[in-house]
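Step one of this worksheet: look at the structure below.
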Amino acid sequence: MNDTLRLGRIGGVRVGVNWTVLVIFALITYGLAGEQLPHAYKGLPPLFYALGGLLTATVFLASLLAHELAHAIVARRNGLTVTGITLWLLGGVARYEGEPATPGAEVRIAGSGPLVSVLLAAAFGTASAALLLTGVDGMVSGCVTWLALINALLAAFNVIPAAPLDGGRLVHALLWRMSGDRLKATLQTTQVGRAFGWVTMLTGFYIAMWSAEGLWLTLVGWFLITAAGLEAGQARVRARLDGIPIRRIMTPDPFTVPSSMPVAEFLREMLPRHRHSAYPVVDEGVVHGVVTTERIRREPPETPVGALVEDAERTAAETPLTELLARLARERLLVFDGDRLVGIVTPHDLTRELEHLAREVPGFPAR
């Protein structure tokens with residue numbers, strides 16, 4: 001799920017929203033301002049209902065963000081690299097590279113989100129009770145009560161023991177600890193996730209015959225089926241790549257170019273002989289980064305290659321491939337043996353390795 005708009009960073013974690021958030025925001029705002037609040041608190045000016053619905057929907061999205069931030073912060077404290085958070089139609093997702101190292105770490109990461117939602121539900125519930133005790137029995141207390149209930153429902157939904165929900169991850173950690181087999185535990189929890197998704201989707205179809213609310217359940221079921229299947233495929237990929245060092249898929253001893261080489265010389269001398277997508281830029285053993293063929297083709301002939309250098313992540317030759325999958329899917333890596341550049345890896349190299357494994361193992365997902 002990609003970001004449509006980036007909101008910035010919170011606690012060092014990049015936060016963004018997908019355009020589908022506008023849909024859920026509009027539905028909640030309309031449901032509150034157009035139906036629930038006017039029905040429950042009659043006789044108020046329309047502007048009050050609109051502001052009540054708008055503010056309540058905004059606080060709900062902030063609650064979703066708090067849920068995902070908890071996952072991200074705890075994941076980072078347990079050694080994972082957090083790449084960002086995206087809010088979207090069905091809630092939110094915290095993205096991080098790699099997997100928890102132990103079942104205990106997975107329990108802490110998975111459990112942190114629902115715990116925050118429970119705490120928010122308790123806080124809003126306490127605030128609602130306090131308002132009622134002080135005699136404020138009106139639309140404000142009603143909105144606060146709604147926030148308490150929706151956060152409680154969010155926590156309850158997320159602890160359903162089916163992948164990829166948080167409850168599924170908690171069960172995965174338990175099965176992993178009991179069996180010692182991460183892949184087996186993943187496949188078991190994703191099967192439950194798919195089954196729960198089908199039940200949810202079929203229930204949604206049934207309800208949709210009488211109410212539009214069934215469409216929402218149908219969408220949730222479809223999401224669970226798709227996400228569980230994707231997670232199972234990724235687990236099989238990781239299992240097959242386990243133990244393979246990055247050295248195996250890199251392009252060894254890559255051709256390098258000096259930073260002083262003009263674009264015209266590169267196109268005349270280098271490109272016809274070595275048709276690679278990227279070249280390390282090296283001067284007297286110092287690696288500055290990489291320059292891409294795509295970028296060079298767009299520049300004036302007299303431009304020095306050094307002016308076009310792009311940063312590239314570095315890794316050791318023996319680093320397990322499974323630790324680099326997320327990064328390899330989107331960027332190039334320079335491979336070092338000590339201080340010596342020994343290779344370069346591109347997303348294409350990863351794709352080639354996956355295709356090779358697909359030919360070796362029937363049914364293995366190549367992508």
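Numbers here are sequence positions counted from 1.
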Kindly give the heavy-atom pair with the smallest separation between [X] and [Y], and that separation in Å.
{"X": "S112", "Y": "I109", "result": "OG-O, 2.8 Å"}
{"X": "V159", "Y": "P114", "result": "CG1-CB, 3.8 Å"}
{"X": "A173", "Y": "V107", "result": "CB-CG2, 3.6 Å"}
{"X": "F205", "Y": "T218", "result": "N-OG1, 3.3 Å"}
{"X": "C143", "Y": "G52", "result": "SG-O, 4.1 Å"}
{"X": "L170", "Y": "A110", "result": "CD2-CB, 3.9 Å"}

Okay, side chain of T251, backbone of P254: is any donor-acceptor separation there less than 3.5 Å?
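Here the side-chain-to-backbone pair does not exist.
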Y96 (side chain) donor-acceptor with R76 (main chain) under 3.5 angstrom
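Not at all, since once roles are kept as given, no pair shorter than 3.5 Å links the two residues.
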Is there side-chain contact between [X] and [Y], with at least one heavy-atom pair below 4.5 Å?
{"X": "L224", "Y": "W198", "value": "no"}
{"X": "P280", "Y": "L334", "value": "yes"}
{"X": "F25", "Y": "T58", "value": "yes"}
{"X": "L37", "Y": "T56", "value": "no"}
{"X": "L308", "Y": "E299", "value": "yes"}
{"X": "S277", "Y": "T346", "value": "yes"}
{"X": "D166", "Y": "H67", "value": "yes"}
{"X": "F336", "Y": "T319", "value": "no"}

Distance check, rounded to the nearest 0.5 Å: [X] atom [atom1] versus [Y] atom [atom2]?
{"X": "L175", "Y": "K184", "atom1": "CG", "atom2": "NZ", "answer": "9.0 Å"}
{"X": "T134", "Y": "L131", "atom1": "OG1", "atom2": "CG", "answer": "5.5 Å"}
{"X": "L187", "Y": "R182", "atom1": "CG", "atom2": "CZ", "answer": "12.5 Å"}
{"X": "S117", "Y": "N158", "atom1": "OG", "atom2": "CG", "answer": "6.5 Å"}
{"X": "F60", "Y": "L154", "atom1": "CZ", "atom2": "CG", "answer": "6.0 Å"}

Does the side-chain contact (heavy atoms from CB on, under 4.5 Å) test come out yes or no for H71 and V82, once each step is laid out?
CA-CA 10 Å; H71 287 310; V82 180; over 6 Å; no
Does a donor on one side chain sit under 3.5 Å from an acceptor on the other, for D181 and S179?
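Judged by distance alone, the side chains do not pair up.
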Return yes when atom [atom1] of [X] has more than 12 non-hydrogen atoms of other residues, nucleotides or ligands closer than 6.0 Å, and no otherwise.
{"X": "E302", "atom1": "CD", "result": "yes"}
{"X": "M209", "atom1": "CE", "result": "yes"}
{"X": "R77", "atom1": "CZ", "result": "no"}

Geometric class of the W176/H172 ring pair [parallel <30°, tilted 30-60°, perpendicular >60°]
tilted
For a side chain to side chain contact (heavy atoms under 4.5 Å, CB included) with I10, tell me which candidate from V15, I73, I85 qualifies.
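Answer after filtering V15, I73, I85: V15.
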Can you give me every donor-acceptor pair (side chain of residues 284-293, partner residue at least two apart or in another chain, under 3.5 Å) with its distance?
from : atom 1 : to   : atom 2 : distance (Å)
H288 : NE2    : D283 : OD2    : 3.0
T292 : OG1    : R295 : N      : 3.2
T293 : OG1    : H276 : O      : 2.7

Show your reasoning for whether side-chain contact (heavy atoms from CB on, under 4.5 Å) applies to R14 and R95.
CA-CA 10 Å; R14 190 180 69 200; R95 301 183 303 278; 3.7 Å; yes
Under the salt bridge (Lys or Arg N to Asp or Glu O under 4.0 Å) criterion, do R177 and E106 qualify, and how do the steps go?
CA-CA 11 Å; R177 182 180 291 277; E106 184 164 34; over 6 Å; no
Verdict with reasoning, V140 to F48, per side-chain contact (heavy atoms from CB on, under 4.5 Å):
CA-CA 10 Å; V140 173; F48 281 31; over 6 Å; no
Yes or no on side-chain contact (heavy atoms from CB on, under 4.5 Å) for M139 and L44, after CA distance, side-chain angles and deciding distance?
CA-CA 9 Å; M139 191 177 73; L44 296 176; 4.1 Å; yes
Under the salt bridge (charged side-chain N to carboxylate O under 4.0 Å, His left out) rule, collect the residues that match up with E269, sequence neighbours excluded.
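E269 satisfies salt bridge (charged side-chain N to carboxylate O under 4.0 Å, His left out) with R273 only.
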Considering residues at least two apart in sequence or located in another chain, which fulfil the salt bridge (charged side-chain N to carboxylate O under 4.0 Å, His left out) criterion with E318?
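Salt bridge (charged side-chain N to carboxylate O under 4.0 Å, His left out) list for E318, sorted by chain: R247.
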